[in-house]
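These notes concern the structure reproduced below.
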Amino acid sequence: MSIPVAVLLGFAGWTLITLLATVGIYRWSRILTGRAKISEFPADVPHGEEWYRRAIRAHANCVENLPVYGAIVVAMIATGVHSSTLDILAVVFLIARVLQTIVHIAFKQTNLVTSIRFGFFFLQLICMFAMGAIVAINAV
């Protein structure tokens with residue numbers, strides 16, 4: 001298995017962990033202890049503590065970016081392009097993804113914290129653009 005594919009699996013796993021360890025625990029702990037009904041978590045109405053709302057957004061951000069990274073990896077596999085640069089970019093991408101999620105959930109969103117979070121997101125964008133360009137250039 002190539003490193004970019006392993007990173008894709010890691011990203012999918014991180015997305016699930018983010019969901020289960022935050023939103024899942026928050027909701028099910030309230031449901032199972034009788035503090036909330038299963039129907040009390042509408043998707044279109046803000047509810048819950050601030051960290052919980054950030055966790056929902058952090059999970060949604062993972063879900064939004066997973067198919068983009070996945071498409072790059074599929075293109076890489078389909079074209080047979082491999083390089084150590086792709087491997088490094090993939091690992092940097094996953095590290096930045098994990099750090100962005102942690103910063104998003106764990107810290108109150110001040111200007112500094114939001115800037116740090118955005119920095120991790122921007123690093124992911126750079127990695128994906130670079131990976132896509134490498135695949136496109138080498139596939140021709």
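We use all heavy atoms of the structure for the numbers below, so side chains are in, but hydrogens, waters and symmetry mates are not. Not measured: the values here are computed from a predicted model.
At least one side-chain heavy atom of Phe41 sits less than 4.5 Å from a side-chain heavy atom of Ile31. By the 4.5 Å heavy-atom criterion applied to side chains, Val91 and Ile3 are counted as neighbours. For the pair Ile105 and Trp51, the minimum side-chain heavy-atom distance is below 4.5 Å. Two residues are said to be in side-chain contact when any heavy atoms from C-beta on lie closer than 4.5 Å; Leu86 and Met76 meet this criterion.
Under a hydrophobic-cluster definition in which Ile, Leu, Val, Met, Phe, Trp and Tyr are linked whenever side-chain heavy atoms come within less than 4.5 Å, directly or via other members, Ile102 and Phe122 are assigned to the same cluster. In terms of hydrophobic clustering, with Ile, Leu, Val, Met, Phe, Trp and Tyr side chains grouped at heavy-atom distances under 4.5 Å, Phe120 and Met131 are assigned to a common cluster. Criterion: ILVMFWY side-chain heavy atoms under 4.5 Å apart, direct or through other members. Under it, Leu94 and Ile77 are part of a common hydrophobic cluster. Trp14 and Leu19 fall into different hydrophobic clusters, where Ile, Leu, Val, Met, Phe, Trp and Tyr are joined by side-chain heavy atoms under 4.5 Å apart, directly or via other members. Val81 and Val68 fall within a single hydrophobic cluster, where Ile, Leu, Val, Met, Phe, Trp and Tyr side chains are chained together by heavy-atom contacts under 4.5 Å.
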Applying side chain to side chain contact (heavy atoms under 4.5 Å, CB included) to Tyr52 and Arg27, what does each step give before you reach the verdict?
CA-CA 9 Å; Tyr52 166 75; Arg27 288 182 183 185; 2.6 Å; yes
Evaluate side chain to side chain contact (heavy atoms under 4.5 Å, CB included) for Asn61 paired with His104, printing each intermediate quantity in order.
CA-CA 10 Å; Asn61 190 253; His104 198 168; 5.6 Å; no
As a quick check of understanding, evaluate side chain to side chain contact (heavy atoms under 4.5 Å, CB included) for Thr79 and Asn138, giving each step before the final call.
CA-CA 8 Å; Thr79 59; Asn138 287 298; over 6 Å; no
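Looking at every heavy atom in both residues, Pro46 comes nearest to Arg53 through CB-CD, 4.1 Å. The minimum heavy-atom distance linking Leu66 with Ala12 is given by the pair CD1-N, 4.0 Å. Residues Ala90 and Val7 come closest through the heavy atom pair O-CG1, 3.4 Å.
The NE2 atom of His59 sits 11.0 Å away from atom CD1 of Ile17, with the distance rounded to the nearest 0.5 Å. The structure places CZ of Arg97 at 5.0 Å from CZ of Phe11, a figure rounded to the nearest 0.5 Å. Atom-to-atom distance recorded for Phe121:CZ and Ile126:CD1 is 11.0 Å, nearest 0.5 angstrom. Rounding to the nearest 0.5 Å places CD1 of Ile72 at 10.0 Å from CG of Leu89. Once rounded to the nearest 0.5 Å, the distance linking CZ of Arg117 with CD of Gln109 reads 4.5 Å. Atom CZ in Phe93 sits 9.0 Å away from atom CG in Leu8 (nearest 0.5 Å).
More than 12 heavy atoms of other shown residues, nucleotides or ligands fall within 6.0 angstrom of atom OH in Tyr26.
In this structure a side-chain-to-backbone donor-acceptor pair under 3.5 Å is present from Tyr69 to Pro4. Judged purely by atom type and a 3.5 angstrom limit, Arg30 has no side-chain atom pairing as donor or acceptor with the backbone of Arg35.
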